[in-house]
Each structure stands twice: as C-alpha cells, then as structure tokens.
Participant: 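Quick one: structure below, then a few questions.
From a predicted model like this one, the values you see are computed outputs, not experimental measurements. Just so we're on the same page: letters track the sequence lines, and every chain starts at 1.
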Amino acid sequence: MLRLPKRKTKVRNPWLPPVSQAYNLASSYELIPTDHCPPPHPPHTSLARLPADKTYLPFSTLASTVKECASKKSLLEGRLAHFLAVWRGFDCDRYMGNLLIDMYGKCGSLQDARSTFDKMVSRNLFSWNILLSAYTGCRCGEGALELFSLMLEQGTQADTCTFSNAIVASSILMSLLEGRHVHFAILNEGLELDAHLASALVSMYGKCGSLEDAREIFDSLPLKDGVSWNAMITAYSMHGCHFEALHLFQEMQFHGVKYAKVTFLSSLGACSNLMALLYGMLIHAIIVEQGFQFDLSISTALISMYSNCRSLEDAQCVFRNMSHHDLFSWSAMISVNAQHGEDEAALSLFSQMHQEGMKPDRVTLVSVLTACANQAALVQGQLIHANTLEFGIEFDCAIENSLVNMYGKCGSLSDTKHIFDNMNTRNVVSWTAMIEVQAYVGQAAESFKLFHEMQEENVGPNDVTFVNILSSCSHAGLIEEGCFLYKAMVTEYNIESTMEHYSSMIDLFGRAGRLAEADVFISEMSIEPNAVIWETLLSACRVHNDFDRGKQAAERAILLASKISSPYVLLSNIYSAEGKWDDAARIWKSMFERGTTGSQKPEGGFELWYD
DNA sequence: TTAGGGTTAG
C-alpha cells in the first residue's frame, strides 16, 4: 500500500518500545480498546508488513495512506494509519484530522469519525462538512441533522455542501418538514443552487412525495447533469408515474445527457410496471449499445422486466447470456420461473445454484418454497425446510408464511397447523395463507373462524384475504354469507373489488345455479369483465344446462381471448349436449384454426447482441 | 491538500 524510501540502516524489530508508546497513546485516544494488550507482532495488514521505518513516515505519505484507506474502505489499515499519525504527532493537524474523519466515515465507523472530530483542537468548515457527510453516508439522518443544528448554533457559516448534506439527511428521514426547513434556510442565505444541491432537493422532494416541488426545481435548473435527470426519473418511478419516468428517459437522450446504470434500472422498472415490452426491448438495445449488458444488476432488472411483460423466454435468454450469476440473479430467475408456473424449472435452477456452491438467502427460499407448493413437491419442501438453518437462515414471518403455503398445498394439514400455531408473529399474509389452506380443503367453518380470529388479533384482512374467504363460501355453497362478506368488503373495509373478487362471486352464484343473478352481477361490475369472468359463467351454464346463456358467455370469452381453448371446448360441449353435432364440429374446427395460447412479441430476438 | 447529489436488481 505504501511506497517508502529505502533506508540504509536496518531496524531489527519495529514493534519495540517507541511503537508500544505510540500504541498506548493511541489507546488513550480510544483508537484501540484499553483492555487490548500491545500486539507481539504487527497486525496482519499490508501496511504492517512494511519495514520498520514506517513509524517515521512523512506527513504526506501518511495523508495519502489515510486517503487510500478511505477509498478502499479498509478500516483496519485506516486505524493503523491513525495510530501512526498519533505516534508522529500529526493527529493535531487539522488537515490530517479531516482526512481521518472522512476515512472513518467511508469505512462505516461513525463512532470513530465522531470521536476524532470531538478531539480536534481546531475545526474548520471542512471538518463539519466531512462529518456531516459521514453521517449521511452511514444513513444516519437524525445524527446529521443534530450536527447541522449544532453547527449553526456555534455560529459556523454553512455553505452549499453543508446544506446539500442536510437535505440528504431530511430525505433519509423521509421528512418533508425538515427538508422544507433546510430549503427555506438555503433561500434565506441567498445561495445559488449548484448541481449537487439541486439534485439533493429534487431527490428529497421526490422521496417525500412532493413531486410538484421536485419538478419545479428540476425545471428551474439551467444546466442539468446526469444526476439531476436520474433523481427526477427515480422520483417519478417511486410514485408510480411510470409514463413520466419513461418520457424523461427519452428527453434525456434528446438533450444528449449520458445514461448511467441508475437510469437504466429505474426506466426498466417503469417498463415492468407498465408491462411495456416493446419499450423495454428498446432500452435493452440501448443498454447493449452502451456496453452495460454485462452488469449483473442491469441483467437482473432485465430478467424482471421481461418476466413482468410476460416474456419468460426473453428473461431466460438474458439469464443464459450472463457471464456469471450472483445470488440476486439466481433468485430472480427462480422466482420468475415460479411466477410463470414453471415450477420444475425453478426447482432445477435451485439445485443447479446449490451445486455451483451458491448459498441461498431468505428471498431465494421463499421463491423455491412457492415452487414446491405449486408442484405439491412435499419431499423437496421438507428437505428445504430441514436445511433452512444450515443455509444460515433464521426462521422469520416470511419464511414461515411460505412453509404454511407449501405444507398446505402439499396437503399436509398437520404440518401447516404446526407451523402456523408456533409462529411468533403472524401478519395478514400468514392469516390469509391459513384461510386459503382451509378453503382449499373445504373447511369453510375453519376459514371463517380464522377470519374472525385475525381481526381479534388486530390484523386487518386485505383484498387477497377476501378472495380466499369468498372462494371458501363458494366451495361450501354459502351464498348468503358470501354476498354479505362481499358487501362488507366494499362498504366496511373499503377494499376495491378486483377481477378475482368478481370471479369468485360469479363462481359463487354459478355453483348454486343462480345464473340470472350472476348475469346481473356481471352487468353491474365497475370494471370491464375479462375472459375469465365469462368462462366462469360459461362453466356454470354448462353444469346447469342453461345453453342460451352459455352460448352468449362463450362468445364473449372467445372475443376477449380467442387463443384460449377452454371456451371453445365448453361451447362445443353445449352444442353436443343439444345434439347439434355440426355446430360442435364447427367450434372445434375454429379452435384449431385460431391456434393456441402464447405471448406475442415482435419478430427477431436479441440473442445475437451477445455474440 | 480535505467535503456534497441519483442506490436502482431477487
């Protein structure tokens, strides 16, 4: 690490008395715990292995060592350099003190940074600013704002760097009030916004939910750099304004601003949310053009984007083309496969990951347990359950929820109950998973009991809880209870009906043969019914021999999803039941003519880009 | 000589 001048005299042992004295001195500065004896040999660092004359290092060499330790985030060597600075008496120097505070901050040791600052004989604006950025760097917003107030109290004049840090501290705390106070102070000082300060303000207002303020500052900037653009794009994506985020992405190119990794990650997130496959592919092309395609986090974001845009094949292609995989990309691909119903592939990826020596974390386990649940792969699920602690993962609510789901779907009710009953904390997902299991095995009474118990324990039901409880009513033929709960969901719990709720209600009426009521329910839906709704009605019509209504439902279902085979089959069954064999044959023929299901994507692929 | 903004992926 250090480049030292060669010494002519040989020093036998560098750790003789003078160093011990320095060590004690360092201990008195709380650099080294006082109960720690001086080491018989120097600590194992590259700095310590250097010749003895390191104890007589010139100031400039020590200063650059401290800087290097800061950039390498090497706390141990940084401490040693501090120790040597104390020994040489350089620690009283303000410049050295500032460097040391910065080093400790960058190495994440806020306590050391603070104690070095507190022991400084003389401080300047740099010292305050460096300590402030140490606080914000360690995401300690409260400490940073306290220091900011202390600084103003002591009459130190703040500059743009100080304010910039105070703004960052407010956004760490997500405190719009604090942020506005600091902004007001900046205006009061009459300071001009530089790029740093402006981006910090844009980001703070964005994080605190005041997009108008963020945009106003962004628009007022005469010269915007990449960071300002990224701050604004991130603000939009954070608040679901995905169109605006993508619009800025385009504008950025128009203004000739260079894209950065962050830009790609947030814009890919926007494409994911909008399910904008074509736009996502366009961004993928730019990523490849600018050489970002080998970045692990960008590749993982691409996998996620393609998966959300329902293009599993493209997600797999990105994964295949990665030079190596980290925990994030493995977990993403396992989760993507599980989400697309490719549970066997998810399990095989998990074992491949294991073979390659990659240890899973809790997120991986949650995904792989979902795959086990969907596959009803009890043995594999049990194996993963048994190895959880061995993977170094402690049981928490999320893992236990996945286990409840897995054992439930695998039909092992006693294991499900055992896990559920022994959980330390149960959230809405835990209760909902348990209600689903009971609904699945047809125990409506049990699911109602759980529904009441969860509320007694102050856990409110969510939209998914209602999907399961309604499905439980439907399976048990409890029409009135189902209608009552649906009404309560909308009026008392203020939960908006989703397509799943509507589908459950149609199923509820349909199973009971109350087809006219189901029809009325569909006509009163607040959203346009999709193919699943019509198909649910169609199956009920087939069971209860209401052929005319069934034909109408089938027509609607086919109109909305012409490539799904089930409505054709059901309609042809209706015609067969009526003895209309020609019509039945006509439907079969049109089903084959129209082809099968599959996602549509533009011609050509990007496999070639990676060659 | 020393400091500051965007942290996004499962």
Participant: Is A:Thr160 side chain donor-acceptor paired with the B:dG4 base, going by distance under 3.5 Å alone?
Facilitator: yes
Participant: Does the side chain of A:Ser304 get closer than 4.0 angstrom to OP1 or OP2 of B:dG10 through an N or O atom?
Facilitator: yes
Participant: If only side-chain N and O atoms of A:Lys207 are considered, is one of them under 4.0 Å from the OP1 or OP2 phosphate oxygen of B:dT7?
Facilitator: yes
Participant: Look at atom CD of A:Glu216 and say whether more than 12 heavy atoms of other residues, nucleotides or ligands are closer to it than 6.0 Å.
Facilitator: no
Participant: In whole angstroms, how far is the C1' atom of B:dG5 from the NZ atom of A:Lys224?
Facilitator: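 Computing the A:Lys224:NZ to B:dG5:C1' distance gives 16 Å.
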Participant: Looking just at side-chain N and O atoms, do A:Thr156 and A:Gln154 make a donor-acceptor pair shorter than 3.5 Å?
Facilitator: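 No - no donor-acceptor pair under 3.5 Å links their side chains.
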Participant: Starting from P on B:dA3, measure out to CD on A:Gln157 and report it in whole angstrom.
Facilitator: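 Atom CD in A:Gln157 sits about 21 Å away from atom P in B:dA3.
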Participant: State whether the distance check finds a donor on one side and an acceptor on the other, under 3.5 Å, for side chain A:Asp194 versus base B:dG4.
Facilitator: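 Flag set: donor-acceptor pair detected.
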Participant: Measure from CE on A:Met103 to C1' on B:dA3 and round the result to the nearest Å.
Facilitator: 16 Å
Participant: Between B:dG6, B:dG4, B:dG10, which nucleotide has the shortest distance from any of its atoms to the side chain of A:Asp361?
Facilitator: B:dG10
Participant: Can you confirm whether the side chains of A:Asp118 and A:Ser115 place a donor and an acceptor under 3.5 Å from each other?
Facilitator: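 No, no side-chain donor-acceptor contact under 3.5 Å.
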Participant: Could you give the CG-to-P distance, from A:Asp225 to B:dG6, as a whole number of Å?
Facilitator: 12 Å
Participant: Could you check how far CD1 of A:Ile233 sits from P of B:dT7, rounded to whole Å?
Facilitator: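 Between P of B:dT7 and CD1 of A:Ile233: 12 Å.
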Participant: With heavy-atom distances below 4.5 Å as the criterion, would you say the side chains of A:Phe148 and A:Trp128 are in contact?
Facilitator: no
Participant: The side chain of A:Asn98 lies closest to which of these nucleotides: B:dG5, B:dT2, B:dG10?
Facilitator: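 In terms of side-chain proximity for A:Asn98, the closest of B:dG5, B:dT2, B:dG10 is B:dT2.
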Participant: Under 4.0 Å, counting only non-hydrogen atoms across every strand here, what does A:Ser266 touch: a base, just sugar-phosphate, or nothing?
Facilitator: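 No contact.
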Participant: Could you check how far CD1 of A:Ile303 sits from P of B:dA9, rounded to whole Å?
Facilitator: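 The answer, rounded to whole Å, is 14 Å.
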Participant: From the options B:dT2, B:dG10, B:dG5, select the nucleotide whose nearest atom is closest to the side chain of A:Ala200.
Facilitator: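 So the side chain of A:Ala200 is nearest to B:dG5.
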Participant: Of all the nucleotides listed (B:dA3, B:dT1, B:dT8), which has the minimum atom distance to the side chain of A:Tyr95?
Facilitator: B:dT1
Participant: Considering every strand and a 4.0 Å limit on heavy-atom distances, what is the contact class for A:Ala260: base, sugar-phosphate, or nothing?
Facilitator: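 Base contact.
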Participant: Please classify the nucleic acid contact of A:Thr162 as base, sugar-phosphate, or nothing, using heavy-atom distances under 4.0 Å.
Facilitator: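 No contact.
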Participant: Does the A:Asp225 side chain pair with the main chain of A:Ser228, one donor and one acceptor, at a distance under 3.5 Å?
Facilitator: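 Yes: the side chain of A:Asp225 pairs with the backbone of A:Ser228.
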Participant: Once the angle between the rings of A:Phe249 and A:Tyr259 is folded into 0 to 90°, is it parallel (under 30°), tilted (30 to 60°) or perpendicular (over 60°)?
Facilitator: parallel
Participant: Tell me: CD1 of A:Ile298 to P of B:dA9, nearest whole Å?
Facilitator: 12 Å
Participant: Contact class for A:Val363 vs. all strands (heavy atom < 4.0 Å): base, sugar-phosphate, or nothing?
Facilitator: base
Participant: Tell me whether the side-chain N or O atoms of A:Asn165 pair up with the base of B:dG5 as donor and acceptor below 3.5 Å, since no angle test is needed here.
Facilitator: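 Checked by distance alone, the answer is no.
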Participant: Measure from CG on A:Leu268 to P on B:dT7 and round the result to the nearest Å.
Facilitator: 16 Å
Participant: Nearest to the side chain of A:Ala301, heavy atoms from C-beta on, is which of B:dA3, B:dG10, B:dA9?
Facilitator: B:dA9
Participant: Out of B:dA9, B:dA3, B:dT7, which has the shortest distance to the side chain of A:Cys161?
Facilitator: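 That would be B:dA3.
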